[in-house]
Amino acid sequence: MAFDHAQKESWFKVPPKRLLAEIQHDLFYSFLNREVDGLEDLGDKDFGCNWIVQTSTLTADSVIFSAGVGRDISFEHALADKFGAKVHLIDPSPTGRETIKLPENTRPEFIYHPVALAGTNGFLEMAEPSDPEEGSWLSMDGTVTETAPERKRIQVPCKTLASLIREQGHDHVDLLKIDIEGAEYLVLDSLIRDKVSIRQIAVEFHNGILPGVPRKMTIRSLMRLHRAGYRLVLKGGSNHTLIRKDYL
């Protein structure tokens with residue numbers, strides 16, 4: 001592979017330790033990644049709310065849970081439009097509640113749960129968005145080292161996925177989407193701990209996005225998922241799609 005002069009010059013500007021870390025990071029993903037067929041990009045790309053998932057296995061009877069509503073649920077609309085499947089939406093934040101109440105989001109395929117997806121059942125604190133226009137509330141579950149005492153806090157009920165699916169009469173999940181601002185790490189740990197049967201997981205990891213979330217947390221989480229039988233089939237920026245090896 002040939003590199004131009006500018007690329008070579010840029011290498012010399014990167015500290016050796018960081019360069020080594022980047023090479024190791026790329027090799028790590030190269031080792032984990034598996035190519036599969038049937039992937040499709042759904043949702044609003046312009047707003048950054050699109051997800052690439054394996055749709056070839058989804059039907060009207062698929063069990064779909066989506067944690068993190070925010071200001072856009074174009075991905076969930078695409079799933080409902082394409083398959084007619086029920087989509088369980090999970091988000092207790094004021095932003096999520098506002099979005100769900102919009103007329104265009106009132107449709108029979110959507111089942112709304114005003115709770116936070118978490119690693120345990122009970123209550124957790126959420127901090128108001130640093131960017132009110134973007135609207136993402138931060139789960140203060142101990143993962144993110146966020147202080148900001150001036151930011152408003154609210155308490156919300158939280159549940160594990162195992163509890164939620166049991167309440168809904170399901171014994172498995174075909175697709176789980178997780179975009180919950182750093183709380184994904186404890187949630188993924190709970191899925192493994194509770195042995196929840198999930199065919200496909202689409203998750204955004206927030207290392208490098210939120211303060212106090214280092215890259216090693218994501219690497220550790222991916223390794224745990226790998227040992228639990230999940231295989232990484234796609235990485236697009238911070239979004240990761242994983243499928244249980246039984247279904248590959």
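Because only heavy atoms are used, hydrogens play no part in the values below, and waters and symmetry mates are left out as well, while side chains stay in.
- Annotation: salt bridge (Lys or Arg N to Asp or Glu O under 4.0 Å) contacts of Asp246 (sequence neighbours excluded): Arg244.
- For the atom pair CG (Asn239) and CG (Asn50), the distance works out to 7.5 Å, reported to the nearest 0.5 Å.
- Considering only heavy atoms from C-beta on, Ser238 comes within 4.5 Å of Ile209 through its side chain.
- Distance NZ/Lys159 to OG/Ser190: 14.0 Å, rounded to 0.5 Å.
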- Go through the steps for Ser221 and Thr218 under the test side chain to side chain donor-acceptor pair (under 3.5 Å), then give the verdict. CA-CA 5 Å; Ser221 188; Thr218 296; over 6 Å; no
- Task: Show the numbers, then the answer: is there a side chain to side chain contact (heavy atoms under 4.5 Å, CB included) between Leu248 and Arg34?
- Result: CA-CA 9 Å; Leu248 291 173; Arg34 292 276 300 273; 4.0 Å; yes
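- For Phe205, the ring-ring contact (aromatic ring centres under 6.0 Å, His included) partners at least two apart in sequence or on another chain are Tyr185, His240.
- A distance of 6.0 Å separates CD1 of Ile201 from CG of Leu242, quoted to the nearest 0.5 Å.
- A chain of hydrophobic side-chain contacts below 4.5 Å, direct or via other Ile, Leu, Val, Met, Phe, Trp or Tyr residues, connects Met223 to Met217.
- Contact between Pro114 and Arg97 at its shortest, heavy atoms only, is CB-NH2, 3.5 Å.
- The minimum heavy-atom distance between Asp37 and Ser56, with the atom names listed, is O-OG, 4.3 Å.
- Of the inter-residue distances, the one linking Gln54 atom CD with Leu234 atom CG reads 11.5 Å to the nearest 0.5 angstrom.
- Using a 4.5 Å heavy-atom threshold, the side chains of Leu138 and Leu210 count as touching.
- A salt bridge is defined here as a Lys NZ or Arg NE, NH1 or NH2 lying under 4.0 Å from an Asp or Glu carboxylate O, and Glu128 with Arg153 fails to meet this definition.
- Cluster partners of Leu58 are Leu42, Trp51, Val53, Ile64, Val69, Ile73, Phe75, Leu79, Phe83, Val87, Leu89, Ile100, Phe110, Tyr112, Leu175, counting Ile, Leu, Val, Met, Phe, Trp and Tyr whose side-chain heavy atoms approach within less than 4.5 Å, directly or via other members.
- To the nearest 0.5 Å, atom CD1 of residue Ile52 and atom NZ of residue Lys45 are 8.0 Å apart.
- Residues Ser74 and Cys49 form a side-chain contact, since some pair of their non-hydrogen atoms from C-beta on lies under 4.5 Å apart.
- Here the side chains of Thr55 and Thr57 are not in contact, with every heavy-atom distance at 4.5 Å or above.
- Within the 4.5 Å cutoff, the side chain of Pro157 has heavy atoms near those of the Val115 side chain.
- Residues Gln200 and Asp174 fail the side-chain proximity criterion, which asks for heavy atoms closer than 4.5 Å.
- Atom CG in Leu222 sits 11.0 Å away from atom CZ in Arg224 (nearest 0.5 Å).
- Through side-chain heavy atoms spaced under 4.5 Å, either directly or across other Ile, Leu, Val, Met, Phe, Trp or Tyr residues, Phe123 is tied to no other residue.
- By the side-chain contact (heavy atoms from CB on, under 4.5 Å) test, Ser139 pairs with Leu124, Met126, Ala183, sequence neighbours left out.
- Taking His88 as the reference, Phe65, His113, His170 meet the ring-ring contact (aromatic ring centres under 6.0 Å, His included) condition, with sequence neighbours excluded.
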- side chain to side chain contact (heavy atoms under 4.5 Å, CB included) assessment of Thr99 paired with Asp72: CA-CA 7 Å; Thr99 299; Asp72 184 283; over 6 Å; no
